[in-house]
Number of protein chains: 4
Amino acid sequence: MKMRTNRQLKALETKNRLIDAALRTFSRKGFSQSTTKDIAKEAGVTDGLIYHYFQSKEDLLWAILDKYTLLHSLQEVLNKMDNQASLEHNLTVYFHSLFRSLHEQQDLIVMCFGEAQHNSDVRKRLEGVIRQGVELLHAYLAPRVRVATHDLLIAIRNIQTAMVLYFLMTDRFADNETDRNKYIETSVRQFLKVLQ
Amino acid sequence: MKMRTNRQLKALETKNRLIDAALRTFSRKGFSQSTTKDIAKEAGVTDGLIYHYFQSKEDLLWAILDKYTLLHSLQEVLNKMDNQASLEHNLTVYFHSLFRSLHEQQDLIVMCFGEAQHNSDVRKRLEGVIRQGVELLHAYLAPRVRVATHDLLIAIRNIQTAMVLYFLMTDRFADNETDRNKYIETSVRQFLKVLQ
Amino acid sequence: MKMRTNRQLKALETKNRLIDAALRTFSRKGFSQSTTKDIAKEAGVTDGLIYHYFQSKEDLLWAILDKYTLLHSLQEVLNKMDNQASLEHNLTVYFHSLFRSLHEQQDLIVMCFGEAQHNSDVRKRLEGVIRQGVELLHAYLAPRVRVATHDLLIAIRNIQTAMVLYFLMTDRFADNETDRNKYIETSVRQFLKVLQ
Amino acid sequence: MKMRTNRQLKALETKNRLIDAALRTFSRKGFSQSTTKDIAKEAGVTDGLIYHYFQSKEDLLWAILDKYTLLHSLQEVLNKMDNQASLEHNLTVYFHSLFRSLHEQQDLIVMCFGEAQHNSDVRKRLEGVIRQGVELLHAYLAPRVRVATHDLLIAIRNIQTAMVLYFLMTDRFADNETDRNKYIETSVRQFLKVLQ
DNA sequence: GATGAATGAGTATTCATTCAT
DNA sequence: TATGAATGAATACTCATTCAT
């Protein structure tokens, strides 16, 4: 019984190692330029094993998307917000954790943006995440500002997508955090103007 | 002499047909999933001819980027702006033409965003276009609003990248223009608040 | 353990079959006119398998050269020479085994001579074999004849290269062994005159 | 009429330029690795023109073999031999001009040896040349030495093929002429022993 | 569960050859 | 005579996938 469980655990670990290896590889090279050999090597297993755990290379893609979710940590950040603090302070904290989150899941983000352009399944998934991200912040802001729902949604969507693109094109290649701090500070200030 | 020119013209036309076919194919399937056979078929020529005009498949990518430029039409729109009209009106006109421009060059945009994630050459190119787009609108707005340069640049960057992402993820799949009109109207209104 | 070894043995056998098939094909058609498809077919495997065992078609060429060596059997013949017998007899025996050796490794010889003309790596290899062949016979003859080293080396080189060329151009297409016997007998007689 | 002739002359010149370019290219890369594009470029004409003068790439090979012959100059050398001089001197002169001849027609020789291994037409041609070369020297030597015909033929064949191979493998890559001079001197001395 | 040998369809690229101009 | 655009079959090599062990 114990051995059985042990074995199952080891199997699960191998499966996870494969998913993570696939994510890293897809992120680096893009889905179709990543070979199953690449992934197996990255995971430290032999070629054929992928097909013991997954039906196909594409199946690995779905497994990645099922395993990871971008928004958990952000929800937690919002839950722990200090209601005594100013909105400006809290939004700054929130966007900083958004950037942290993006950094931690850089591979996933990069892969999703790359694939979304010509893979409608990935795109729908990405759309869902964006919508949920908007709803998350909306749920927090709605009771705290006097802005019409429709306007608020668009404002949130715009600031967040702009930030994601800033991350993708600039921030992730930058060494220093000064630029990011300035960027967030300015963006928050401007966002507050919109919320007035 | 005339015959010579005629033949050369026809050759140039074929070359252009190949570039356009490649753009459409890359946009639809992504660069690495597009086969040279696909491209040749799309252009209505045989496989080998690609290599009469281009050194490699990647060479076709550069030829596309060399041929097309996103920002010409936007510059013209800004040049023709009515200085008597309100800023709100002019910005609305400008962003509408941005969307029109994105639609016209949809294939190019989609391809660039898809490739930029794991092709640093394409990414640098895309960065350049984004920067130039920001400078374009900045040159127009700087003398008309009282906002510190750094702030203005970030505001412009944010609104424009948000719009491009809205185009990529939503607008280009939508049938009706109502959503877009509303989106632009709201975004412009919020952008004006930032500029105050 | 045994099963593992069995499988590995089978794999090694396949690899060797590929090397031999490549040798036969290169010899028949020349390196660059031999297709990987030809080789795979000759080996009785599918196209792709070549690249499981070898990095490239050229890699197969090196594998051939690594596997085969022309001179082993000749060394053995020299070792077993009867010191009681006359030099003429022993040389005749030696040259006969040279021809036998050339016949046995006909494919390799033909391929090497064909490729050496425009592949400097192969040429260097062939030069090495020729030099070693000269040294082999020199080591045997030096203590047995009174000829200056330099002269002896040239005499050996000349007789042996002449024989190889006779093999390549004439002998390998001939049916009867009479011509060869006469050729060897005459050549040995003339070689002995040189050694006096 | 004159213009016609002029044009014909120019055409002949172009054809010859193509043959020479093909010889150089075949010699450098081997027949099948030489492309018609290579040859056209080397000749300074456009791709298609080859097929105005020749039926195929192989046709160019035959044109080369038809145009060039190795033995003319050697015949002349033999004709001009000084009958007062010693045999050793005359043979030395002869073999020196053999090497000069080989050098002058290096491209042709290299190409023929490379192709002969897997192209029986070329091989037959090469055999013919070797046989004629043997007969040439035999005609000169027969009345001057007392050796049985069969023996003399083999002696001549051996020394000459050995020299050709020495040229192919060593001499043509050497800078200094000292080695060659020594080689010829020694070989002649040994050859004279055979002729005794 | 894990290995890696084997498959075979697919892919970028090459190249001899043709032909309209 | 000369050009070079166009063809299309061929080729080295890749890679997702299967499967016997």
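Labels below follow one simple rule: chain letters A, B, ... track the order of the sequence lines, proteins then strands, and each chain is numbered from 1.
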Under 4.0 angstrom, heavy atoms only, what part of the nucleic acid is Phe54(B) near: base, sugar-phosphate, or nothing?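 Answer is nothing: Phe54(B) stays at 4.0 Å or more from every strand.
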Nearest-Å distance, [atom1] ([X]) to [atom2] ([N])?
{"X": "Asp38(A)", "N": "dT14(F)", "atom1": "CG", "atom2": "C1'", "answer": "11 Å"}
{"X": "Leu61(C)", "N": "dA12(F)", "atom1": "CG", "atom2": "P", "answer": "13 Å"}
{"X": "Arg7(C)", "N": "dG4(E)", "atom1": "CZ", "atom2": "P", "answer": "7 Å"}
{"X": "Lys41(D)", "N": "dG4(F)", "atom1": "NZ", "atom2": "P", "answer": "13 Å"}
{"X": "Leu12(B)", "N": "dG4(F)", "atom1": "CG", "atom2": "P", "answer": "15 Å"}
{"X": "Ile50(C)", "N": "dA5(E)", "atom1": "CD1", "atom2": "P", "answer": "15 Å"}
{"X": "Lys10(C)", "N": "dG4(E)", "atom1": "NZ", "atom2": "C1'", "answer": "13 Å"}
{"X": "Asp59(A)", "N": "dA16(F)", "atom1": "CG", "atom2": "P", "answer": "14 Å"}

Would you please confirm or rule out a distance under 4.0 Å between OP1 or OP2 of [N] and any side-chain N or O of [X]?
{"X": "Tyr53(D)", "N": "dA2(F)", "answer": "yes"}
{"X": "His52(B)", "N": "dA5(F)", "answer": "yes"}
{"X": "Thr14(B)", "N": "dA6(F)", "answer": "yes"}

Given dG8(E), dA5(E), dG8(F), the nucleotide with the shortest approach to the side chain of Thr46(C):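 Nearest to the side chain of Thr46(C) among the choices is dG8(E).
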Taking [X] for the side chain and [Y] for the main chain, is one N or O donor matched with an acceptor at less than 3.5 Å?
{"X": "Asn16(D)", "Y": "Glu13(D)", "value": "no"}
{"X": "Lys57(C)", "Y": "Ile50(C)", "value": "no"}
{"X": "Thr14(D)", "Y": "Lys10(D)", "value": "yes"}
{"X": "Arg172(C)", "Y": "Leu168(C)", "value": "yes"}
{"X": "Gln117(B)", "Y": "Phe113(B)", "value": "yes"}
{"X": "Ser27(A)", "Y": "Leu23(A)", "value": "no"}

When rounded to the nearest 0.5 angstrom, what distance separates CD1 in Ile19(B) from CH2 in Trp62(B)?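 The distance works out to 14.0 Å.
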Using a cut-off of 6.0 Å, state whether more than 12 heavy atoms not belonging to Lys67(B) lie near its atom NZ.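 More than 12 heavy atoms, drawn from other residues, nucleotides or ligands, come within 6.0 Å of this atom.
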So do Asn119(A) and Leu61(A) actually touch side chain to side chain, heavy atoms under 4.5 Å?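 Yes, side chains in contact.
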Which ranges of DNA chain F pair up as stems, where a stem means three or more consecutive Watson-Crick or G-U pairs with both distances under 3.5 Å?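 Listed by first number, the stems are E:2-21 with F:2-21.
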Exercise answer: donor-acceptor pairs, residues 120-128 of chain B side-chain atoms, under 3.5 Å, sequence neighbours excluded:
{"unit_1": "Arg123(B)", "atom_1": "NH1", "unit_2": "Ala116(B)", "atom_2": "O", "d": "3.2"}
{"unit_1": "Arg125(B)", "atom_1": "NH2", "unit_2": "Leu65(B)", "atom_2": "O", "d": "3.0"}
{"unit_1": "Arg125(B)", "atom_1": "NH2", "unit_2": "Asp66(B)", "atom_2": "OD1", "d": "3.3"}

Under 3.5 Å, which donor-acceptor pairs link side chains of residues 42-49 of chain C to any protein atom two or more places apart or in another chain?
{"unit_1": "Glu42(C)", "atom_1": "OE1", "unit_2": "Arg28(C)", "atom_2": "NH2", "d": "3.1"}
{"unit_1": "Glu42(C)", "atom_1": "OE2", "unit_2": "Arg24(C)", "atom_2": "NH1", "d": "2.5"}

Suppose we screen for ring pair (Phe, Tyr, Trp, His ring centres under 6.0 Å). Which residues come up paired with Phe26(C), at least two apart in sequence or across chains?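 Expected list: Phe31(C).
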Can you give one letter per nucleotide of nucleotides 12-18 of chain E, 5' to 3': B if a protein heavy atom sits under 4.0 Å from the base, S if only from the sugar-phosphate, - if neither? BBBSBBB
Got a sec? Which of residues 15-28 of chain A come in under 4.0 Å of DNA chain F, heavy atoms?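 Residues of residues 15-28 of chain A under 4.0 Å from DNA chain F: none.
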